[in-house]
Trainee: 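Please find one structure pasted underneath; my questions will follow.
The first residue of the sequence shown is numbered 1, and numbering continues consecutively from there.
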Amino acid sequence: MKSTVKKPNSWLVRTLLGAALVVPVLVTKMSTAGFTRQELASHVEIDGINYGTFDMIEGLSEIPAAGSTSDNSVHKVTFRRDFVTDPSLYLWAKNVMHGRSDLKNVNVVMRDRDGEEVSRYVLRMCQPLSWTVEAANPALGGFHEKIDMAVQEIAVF
């Protein structure tokens, strides 16, 4: 007696196996509650001008909140970024350091991946202390920009 067991189509088996591996990944990526962490970007605005995104901001946690009792001390905040197309803070820093402009409030706006504002810090009565730029990779045209600012207080919105 001859056995008549049919062999499964190998193409169909490979397709089903591939779909079983890919579908869970696609569902996770498309889900709004996916397993990715929320990344925030720090945008700097002065007098309504958006100076773009900064990669690192140091010293915010040392600034006293607006309205708190403080010793009227000035705190240093450092902004760093690699930039190519965003406006530089050079002209603003130059004008303030040469007395052509008063102390300014600097807004640091935290935005999520979708561009929605998550929080806003207002650094009050800021004055630039130093500004530097250096070529990161001359062949690619990138630069490192760093600005140190004196800040008296901070408000969080």
Side-chain angles (χ1 to χ4, degrees), residues 18-157:
L21 295 173
V22 172
V23 168
V25 173
L26 290 176
V27 168
T28 301
K29 294 277 186 193
M30 292 185 299
S31 170
T32 57
F35 296 106
T36 59
R37 66 186 175 117
Q38 185 176 6
E39 295 180 24
L40 298 178
S42 310
H43 297 264
V44 172
E45 296 175 0
I46 305 171
D47 287 337
I49 299 170
N50 184 353
Y51 285 91
T53 304
F54 281 78
D55 302 321
M56 183 176 11
I57 301 174
E58 299 170 340
L60 286 179
S61 60
E62 288 85 32
I63 305 170
S68 67
T69 56
S70 66
D71 56 0
N72 292 329
S73 60
V74 176
H75 302 274
K76 184 174 98 172
V77 176
T78 302
F79 295 84
R80 298 175 196 262
R81 69 172 164 183
D82 299 327
F83 77 101
V84 176
T85 59
D86 290 327
S88 169
L89 286 169
Y90 170 71
L91 289 177
W92 173 76
K94 180 181 168 187
N95 286 335
V96 173
M97 290 179 4
H98 287 93
R100 295 183 203 127
S101 179
D102 294 329
L103 299 178
K104 297 288 183 179
N105 290 343
V106 174
N107 292 291
V108 178
V109 182
M110 305 302 286
R111 298 185 187 276
D112 64 14
R113 277 199 230 181
D114 299 326
E116 297 293 322
E117 185 173 317
V118 175
S119 62
R120 178 179 293 262
Y121 301 87
V122 179
L123 309 179
R124 295 195 173 147
M125 299 186 336
C126 297
Q127 177 177 356
L129 300 171
S130 67
W131 176 86
T132 57
V133 67
E134 62 184 30
N137 185 343
L140 298 176
F143 296 94
H144 294 294
E145 181 179 32
K146 175 185 169 195
I147 185 166
D148 292 326
M149 249 181 244
V151 180
Q152 293 187 20
E153 65 181 22
I154 187 171
V156 180
F157 296 96

Trainee: Quick one, R80 with D55, criterion side-chain contact (heavy atoms from CB on, under 4.5 Å). Give me CA distance, side-chain angles, the key distance, then yes/no.
Mentor: CA-CA 6 Å; R80 298 175 196 262; D55 302 321; 5.7 Å; no

Trainee: First locate atom NE2 of H144, then atom CD of E134, and finally report the distance between them rounded to the nearest 0.5 Å.
Mentor: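 Reported to 0.5 Å precision, the distance equals 5.5 Å.
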
Trainee: Among residues at least two apart in sequence or on other chains, which ones pass side-chain hydrogen bond (donor to acceptor under 3.5 Å, both in side chains) with S130?
Mentor: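 Partners of S130 by the side-chain hydrogen bond (donor to acceptor under 3.5 Å, both in side chains) criterion, ordered by chain and then number, come out as D148.
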
Trainee: Going from CG on L40 to CZ on R111, what distance comes out if it is rounded to the nearest 0.5 angstrom?
Mentor: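 Taking CG in L40 and CZ in R111, the distance rounds to 11.5 Å.
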
Trainee: With sequence neighbours excluded, tell me which residues meet salt bridge (charged side-chain N to carboxylate O under 4.0 Å, His left out) with D102.
Mentor: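 None.
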
Trainee: Rounded to the nearest 0.5 Å, how far does CD1 of I154 lie from SG of C126?
Mentor: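 Going from the SG atom of C126 to the CD1 atom of I154 covers 9.0 Å.
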
Trainee: Show me the pairs that pass salt bridge (Lys or Arg N to Asp or Glu O under 4.0 Å) and involve residues 87-97, at least two apart or across chains.
Mentor: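 Found none.
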
Trainee: For N95, give me all partners under side-chain hydrogen bond (donor to acceptor under 3.5 Å, both in side chains), at least two apart in sequence or on another chain.
Mentor: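 Only R100 meet the side-chain hydrogen bond (donor to acceptor under 3.5 Å, both in side chains) criterion with N95.
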
Trainee: Restricting to ring pair (Phe, Tyr, Trp, His ring centres under 6.0 Å), what partner residues turn up for Y121, sequence neighbours left out?
Mentor: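 Testing Y121 for ring pair (Phe, Tyr, Trp, His ring centres under 6.0 Å), a comparison that skips the adjacent residues, returns none.
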
Trainee: Give the intermediate values and the outcome of side-chain contact (heavy atoms from CB on, under 4.5 Å) for residues M97 and W131.
Mentor: CA-CA 10 Å; M97 290 179 4; W131 176 86; 5.8 Å; no

Trainee: Could you pull out all residues at least two apart from E116 that satisfy side-chain contact (heavy atoms from CB on, under 4.5 Å)?
Mentor: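 Partners of E116 by the side-chain contact (heavy atoms from CB on, under 4.5 Å) criterion, ordered by chain and then number, come out as D112, D114.
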
Trainee: Please enumerate all residues that pass side-chain contact (heavy atoms from CB on, under 4.5 Å) together with A41, with sequence neighbours excluded.
Mentor: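 A41: side-chain contact (heavy atoms from CB on, under 4.5 Å) contacts with H43, T53.
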
Trainee: Looking only at heavy atoms, which two atoms of V108 and S42 are closest? And how far apart?
Mentor: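 For V108 versus S42, the nearest heavy atoms are CG1-CB, 4.3 Å.
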
Trainee: Does the pair V44 and F79 meet the rule for a side-chain contact (heavy atoms from CB on, under 4.5 Å), with working shown?
Mentor: CA-CA 9 Å; V44 172; F79 295 84; 3.8 Å; yes

Trainee: Any idea which heavy atoms bring E145 and S88 closest together, and the distance?
Mentor: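 Nearest heavy atoms, E145 then S88: OE2-OG, 2.7 Å.
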
Trainee: What is the distance from atom OH of Y51 to atom CD1 of I46, rounded to the nearest 0.5 Å?
Mentor: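 Reported value, rounded in 0.5 Å steps: 5.0 Å.
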
Trainee: CG of L91 to CD1 of I49: how many Å apart, nearest 0.5 Å?
Mentor: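 Between L91 CG and I49 CD1, I get 9.5 Å after rounding to 0.5 Å.
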
Trainee: Please list, chain by chain and in numerical order, all residues satisfying salt bridge (charged side-chain N to carboxylate O under 4.0 Å, His left out) with R120, sequence neighbours excluded.
Mentor: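 Once residues adjacent in sequence are excluded, the partners of R120 under the salt bridge (charged side-chain N to carboxylate O under 4.0 Å, His left out) criterion are E45, E117.
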
Trainee: Before you tell me yes or no, could you show the steps for E153 and R124 under side-chain contact (heavy atoms from CB on, under 4.5 Å), namely the whole-Å CA-CA distance, both residues' side-chain angles and the distance that decides it to 0.1 Å?
Mentor: CA-CA 5 Å; E153 65 181 22; R124 295 195 173 147; 3.3 Å; yes

Trainee: Is the shortest heavy-atom distance from the side chain of Q127 to the side chain of L103 under 4.5 Å?
Mentor: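 They are in side-chain contact.
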
Trainee: Once you round to the nearest 0.5 Å, how far does CG of L123 lie from CG of N107?
Mentor: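 Nearest 0.5 Å value for the CG-CG distance: 8.0 Å.
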
